[in-house]
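Labels below follow one simple rule: chain letters A, B, ... track the order of the sequence lines, proteins then strands, and each chain is numbered from 1.
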Protein chains: 2
Amino acid sequence: MARSSRTDVAVLGALSVQPMSGYAVRAAITETLGHFWSESFGQIYPALARLEAAGLVRAAADGRTSGRVFEITDDGLARLRTMLAEPDEPAPPRNGLLLRLFFGRLLGPDVCRDLVRDVRVRAEASLATYAALRREVEAEPDAGNRAYFLVTVAAGEHGARAQLAWADEALTLLAAVDDRDPH
Amino acid sequence: MARSSRTDVAVLGALSVQPMSGYAVRAAITETLGHFWSESFGQIYPALARLEAAGLVRAAADGRTSGRVFEITDDGLARLRTMLAEPDEPAPPRNGLLLRLFFGRLLGPDVCRDLVRDVRVRAEASLATYAALRREVEAEPDAGNRAYFLVTVAAGEHGARAQLAWADEALTLLAAVDDRDPH
DNA sequence: AATATCATGTAACATGTTACATGATTGG
DNA sequence: CCAATCATGTAACATGTTACATGATATT
């Protein structure tokens with residue numbers, strides 16, 4: 001049916017919170033959805049043009065700046081609800097790290113351990129970020145969407161903790177590999 | 001530098017195990033790397049042509065079939081080692097499920113709970129698959145790459161268990177949402 | 001005045017899937 | 001002989017990033 005529906009969801013979703021410029025949509029997605037979503041200008045501006053042509057958003061000149069302010073229409077809100085309800089079909093798996101580690105014998109256990117340790121470090125940094133994010137959300141009064149926000153934060157936390165536990169198991173497995181093995 | 005390096009890694013990696021046809025490369029990737037990688041014919045055949053032109057693989061007519069058998073060259077093996085050692089730059093995050101749940105207020109807690117339950121069911125199925133995979137690997141004698149295979153299986157297991165734990169936390173969070181809230 | 005940030009857009013490129021076209025080989 | 005599988009390839013499409021071009025506004 002619709003082209004680029006995922007970008008459309010993100011853009012309409014941002015505009016469902018409040019009207020804003022395309023530039024601000026990008027900033028909102030980066031800042032608020034950044035831990036599970038991303039969009040580039042090259043996607044956002046054509047998406048806004050499409051959505052405007054379809055009557056799902058309405059644009060008005062911004063008095064204060066040279067740009068335009070986009071506002072979601074009733075049709076746009078209805079369309080967003082429809083798209084949100086569509087089943088989420090998971091993308092085909094493509095994990096570059098596991099691809100490397102699977103052929104790790106060609107690399108040797110030392111290099112593989114470095115790859116894994118790197119993941120561990122990044123996972124610990126992520127955990128700290130999520131903890132801060134959680135404190136932020138819990139400090140603000142619930143405007144009705146706190147639970148939904150916390151659900152996404154929890155996903156990040158569980159994922160990062162899983163990476164940590166996996167890294168430790170992987171390091172144990174790799175410690176048992178004979179380094180004199182033919183790489 | 002090189003175009004399509006990730007596909008090249010997967011294809012060269014498959015051929016580093018044994019020479020085979022392009023069709024068999026696809027089957028090997030699907031069967032053996034399937035839980036963390038995927039390639040389509042539309043990527044594999046052009047990749048093989050590129051790799052052959054670059055001298056990284058060598059093709060010979062297969063006596064038994066109408067097709068060709070591709071064999072990795074010494075240059076190809078060296079190239080594969082180089083590419084495996086390159087740092088893995090993580091893809092920008094794009095989690096369609098979390099995008100939906102973040103705007104879950106527009107959908108209502110009931111629909112969101114259905115989305116989460118679906119993840120839970122799939123995660124449990126994954127866990128069973130990984131358990132079977134682990135038994136398979138551990139039943140065979142170690143040809144020197146068992147630890148590396150187990151590292152990738154462990155990643156799947158930890159990821160699936162994290163999804164399970166997250167789903168339960170999410171269901172608890174969503175159970176507390178007032179369903180009479182304005183969607 | 002210079003610099004940073006806000007703002008909009010496009011073109012080139014990269015990567016990937018899906019559908020199609022074509023034919024050989026094998027097993028029932 | 002017919003169906004399934006093996007085998008190779010291309011074209012169209014989808015999705016996405018990056019780099020570029022351009023200019024307005026705000027801050028120091």
- Contact residues, residues 60-72 of chain A to DNA chain C [heavy atom, < 4.0 Å]: A:T65, A:G67, A:R68
- Message: Just to verify, what does B:V119 make a side-chain contact (heavy atoms from CB on, under 4.5 Å) with, not counting sequence neighbours?
- Response: B:L97, B:R122, B:Q163, B:W166
- Pairs touching residues 66-95 of chain A that satisfy ring pair (Phe, Tyr, Trp, His ring centres under 6.0 Å), sequence neighbours left out: none
- Members other than B:L127 in its cluster, when Ile, Leu, Val, Met, Phe, Trp, Tyr link by side-chain heavy atoms under 4.5 Å? B:L164
- Item | Separation of C:dG9 C1' from A:R50 CZ (nearest whole Å) | 14 Å
- What residues form a side-chain hydrogen bond (donor to acceptor under 3.5 Å, both in side chains) with B:R161, not counting sequence neighbours? none
- Task: Applying side-chain hydrogen bond (donor to acceptor under 3.5 Å, both in side chains), name anything that partners A:Q18, two or more places apart in sequence or on another chain.
- Result: none
- Task: Could you state the atom-to-atom distance from CZ of A:F41 to P of D:dT22 in whole Å?
- Result: 18 Å
- Ordered by number, residues from residues 18-35 of chain B within less than 4.0 Å of DNA chain D (heavy atoms) are B:S21, B:G22, B:Y23
Scan the side chains in residues 24-32 of chain A for donor-acceptor partners under 3.5 Å anywhere in the protein, sequence neighbours excluded, and list what turns up.
from, atom 1, to, atom 2, distance (Å)
A:R26, NH1, A:E39, O, 3.1
A:T30, OG1, A:R26, O, 2.9
A:T32, OG1, A:A28, O, 3.2

- Item | Partners meeting side-chain hydrogen bond (donor to acceptor under 3.5 Å, both in side chains) with B:D114 (sequence neighbours left out) | B:R117
- From the list D:dT8, D:dT18, C:dG16, which nucleotide is the closest neighbour of the side chain of B:R6? C:dG16
- Message: Using the side-chain hydrogen bond (donor to acceptor under 3.5 Å, both in side chains) criterion, which residues pair with A:D110? Sequence neighbours excluded.
- Response: A:R113
- For A:D8 and D:dA14, what is the distance between atoms CG and P respectively, to the nearest whole Å? 13 Å
- Task: Evaluate the ring planes of B:H35 and B:F149, with Trp represented by its six-membered ring, and classify them as parallel (under 30°), tilted (30 to 60°) or perpendicular (over 60°).
- Result: parallel
- Item | Contacting residues from residues 93-103 of chain B, given that a heavy atom lies under 4.0 angstrom of DNA chain C | none
- Proximity to the side chain of A:Y45 - top-ranked nucleotide from D:dA7, C:dA7, D:dT17: C:dA7
- Whole Å only: how far is the CG atom of A:L51 from the P atom of C:dG9? 13 Å
- Task: With sequence neighbours left out, write down each residue that passes salt bridge (charged side-chain N to carboxylate O under 4.0 Å, His left out) with A:R134, or none if nothing qualifies.
- Result: A:E138, A:E157, B:E169
- Query: From C:dG16, D:dT17, C:dA7, pick the nucleotide closest to the side chain of A:S40?
  - Reply: D:dT17
